[in-house]
**Q** 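Let me give you the structure first, and then I'll get to my questions.
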Amino acid sequence: MSDAAAAPEALAFRDLGLSDAVLAALTQVGYETPSPIQAATIPPLLAGRDVLGQAQTGTGKTAAFALPILARLNLSKTKPQALVLAPTRELAIQVAEAFQRYAAQMPGFHVLPIYGGQSYGPQLSGLKRGTHVVVGTPGRVIDHLERGSLDLSQLTTLVLDEADEMLRMGFIDDVEAVLKKTPPTRQIALFSATMPSQIKRIAQTHLRNPTEIAIKAKTTTAANIRQRYWFVSGLHKLDALTRILEAEPFEAMLVFMRTKQATEEIAQKLQARGFAAAAINGDIIQAQRERTIAQLKDGQIDILVATDVAARGLDVERISHVLNYDIPTDTEAYVHRIGRTGRAGRSGEAILFVAPREQRLLQAIERATRQPITQMQLPSVEAVNDRRVAKFTQRITDTLASDDLTAFRQLIEQYERERNVPAVEIAAALARLVQGKQPLLLQAAQRESRPLEKSRFEKPAKHEHQSARDHGTARGNEHPRPSRAEHDSPFRPRRDERPRQAEAGFETYRINVGNDHGVRPGNIVGAIANEAGLDAKHIGRIDIRDRYTLLDLPEGMPAETFLLLKTVRVAGQRLLISRMGDSTGSSDTFDKPPRKPPFKSASSERAAHKPKSFKPGGFDKPKRGPHKHPKAR
Ligand code: AMP
C-alpha cells in the first residue's frame, strides 16, 4: 500500500502529468498543491491503472479522480467516457459541478448528472445530445441502461464514489449490476471512507492489480495545544471568525484557508472590519512574505490569513491561536497547521470550523491524533458587546491619562455654555463620531447556532455505524447508518404494534413493506432520499415491523412528493405511503383519527402522469439479476 503522506512536500500539480487545460483551471480555482490523495491517485489513474482509495469527503478526492479523467478525455467523442456512481443526488450534483469547474478551460466539455426524483426529460435529452462524463445514482443509471438511453460501450473510466455509503443505502447490488455492464477494458477507481468486507469483495472481484491508497498521516499533536471545533451553523464563517477575534483573548492568530484567493479575500474583509490582518500565499513573492511575517512578529499585524504552503515552517512565538477556517484536506496538514502555535513551550489554541459535510473528517482527525477536539460555542452577542464596551471605555481612559486635552476641554466648555447642551450629550455625540459607521454593539438578532444542529453533531460517532434509534433521535445525522440494522436489534420487528409519537418537526408515515417482504432500512432510505428529493439526513426513525414500516419524515411533505412516493415500489410492493392518522392509503387502522383531507386532485393527476419507471420496485430478492429488477432510482 502506498503511503500518500510520503509524497514529496514540494510536489506541484504540474508534476503529475495533467493536461495544460486542467492546470489552467486549477490556477483559476486557486489550489496551490495537490492534497495527499490527489498526489497519490492522479499518476496511476493517468497511466490507466485501477485505484482503490480509502478517502473521505474533504480530502480532495473529487479532484483526485476528476482531474485525470478530464486530462484523458477525447472531446470529439460523444458517448460517455467516464461514469461516476455516487450514493445521493446531492453528491452527484456536487461532483458534476466539480467536473464543470475543473473543465473551465475545456470548451465543448459536457458532464451530465442523472439521479432519481428528477424527471427523465432533461436526462434523456442530455444523453442524446452527447456527454463526456455521467455522474449518477445507481438506481437511475440502471434505469437508463435498461431503457437503452445510456450507452457505456465507449467507457474508459468507472468511478465508485463513497462506495461504503452506497452499501449502507442498499445500492450495492445496483453497483455490481452497473459494473457488469461496463466494457472489461475500463479502469475503475473505487473510493470508500471505510472498507467493509462487501466493498473489499467488489474490489477483489472487479479491480485489476489496483494501486491501493490510504492516507497514513503524521499524527502527533502537542499536548500544550487545546483543540476545539465549531460546527458551522447559524452564522457565516466570517461572522463567526469575527466574533472569536473580538471576544477570545489572543495575541496573534493564524487563519488557514484552502485557496490563495480566499486568503486575500478574507484578509481584506477583516481589514475592513478593523482588524490588523494580512494574507500570505504561494503567489506572494518571498520578500513580501518575509516582510509580512516580520510585521506579525513585531505586532504590526495580529492576524495572518494563510494557505498551507505559505505557512509551512512558520515559527512565530506570538501566534497564540491557529484557526482552521477551512478544514484541512488531511490529518497531516491539520497537525502541521496547529503546530504553528504553542511554540517555545507556550500553550496554544487550535480552533477548527467544521461544516456539516465535513464531520467524518473531524472524526478522522480525532482518531488519528488520538486527542479529543471539543465542541466550542461561539462567543455570545453579550460577550462580544461587553468586550466592545470595555475596549471603548479603555480608549477613553487611556486618552484621559496620556494626552493634553486642554484645547479640547476649552472647546467643549464653550459649546456647553453657548448652546446650553449638557457635557454628557456632547460626549455622546463625540463618541458617535469616533465610532464612525461601524455600530458599537452587535445586534442580538444575528442568529446563534441552532440547537438542532448542535445536537446533531454532539456525539462524534464512536462507531462507523449508528443504531436506528440514534439515527432517529439525533435526527440530523449527516449520514444515517441503516445497515447496522441488518445485524442489530433496533431494526428488528417489534412486538409492539401500537402507533408511536413522532418527534417535534417530524411526522410518522406508514409504508406498505416490512420484514415479511425482506426490506432493509438502507432500501427505504435510498428510495425515499432519491425519489422524494430529501437529504438522507432528514429521514428520522425507521421502525420496520412485520407487514409494514413506520418512518419519520420532516413535516410538510409536498402533496406531489407524497403522491409520487405512493407509486414507488420497494420489495415488490408499492410503498402506499400514508400519514399516521390519515384514513387514506392504508388497510391497517391506527388509533388517531384522520387528520387531513385527501390531496388535491390536480396534484394527483400530475403525479399520476409521472413516468412509470419511478417504480423502483424490487428490493424483494437481494440476489436478483440486474435486468429483471429495477430498483430505487
Ligand atoms: P472533496 O474531498 O473532493 O469533497 O473536496 C473538499 C474540498 O477541498 C473542496 O471544497 C475542494 O474544492 C477542495 N480542494 C480539493 N483539492 C484541493 C487542493 N488541492 N487544494 C485546496 N483545496 C482543494
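Ligands are counted one by one from 1 in listed order, and the atoms in each one are counted from 1 as well.
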**Q** Applying ring-ring contact (aromatic ring centres under 6.0 Å, His included), name anything that partners Tyr325, two or more places apart in sequence or on another chain.
**A** Phe353

**Q** Might you point out which heavy atoms bring Leu238 and Lys269 nearest each other, and give the distance in Å?
**A** CD2-CD, 3.5 Å

**Q** For each nitrogen or oxygen atom of ligand 1, which protein N/O atoms lie closer than 3.5 Å, and how far apart are they, rounded to 0.1 Å?
**A**
unit_1, atom_1, unit_2, atom_2, d
ligand 1, 2 (O), Gly58, N, 2.7
ligand 1, 2 (O), Thr59, N, 3.0
ligand 1, 2 (O), Gly60, N, 2.7
ligand 1, 2 (O), Lys61, N, 3.4
ligand 1, 3 (O), Lys61, N, 3.4
ligand 1, 3 (O), Thr62, N, 2.9
ligand 1, 3 (O), Thr62, OG1, 2.6
ligand 1, 8 (O), Arg258, NH1, 2.5
ligand 1, 12 (O), Tyr31, OH, 2.3
ligand 1, 16 (N), Gln38, NE2, 2.7
ligand 1, 19 (N), Thr33, O, 2.8
ligand 1, 19 (N), Gln38, OE1, 3.0

**Q** Give a yes or no on whether a salt bridge exists between Arg201 and Glu176, defined as a side-chain N under 4.0 angstrom from a carboxylate O.
**A** yes

**Q** To check you understand the geometry: which heavy-atom pair defines the closest contact between Thr307 and Lys260, and what is its length?
**A** CG2-N, 3.9 Å

**Q** Anything under 30° is parallel, anything over 60° is perpendicular, the rest tilted; go ahead and classify Phe191 against Phe65.
**A** tilted

**Q** Looking only at side-chain N and O atoms, does Gln286 offer a donor or acceptor that is under 3.5 Å from a partner on Glu290?
**A** yes

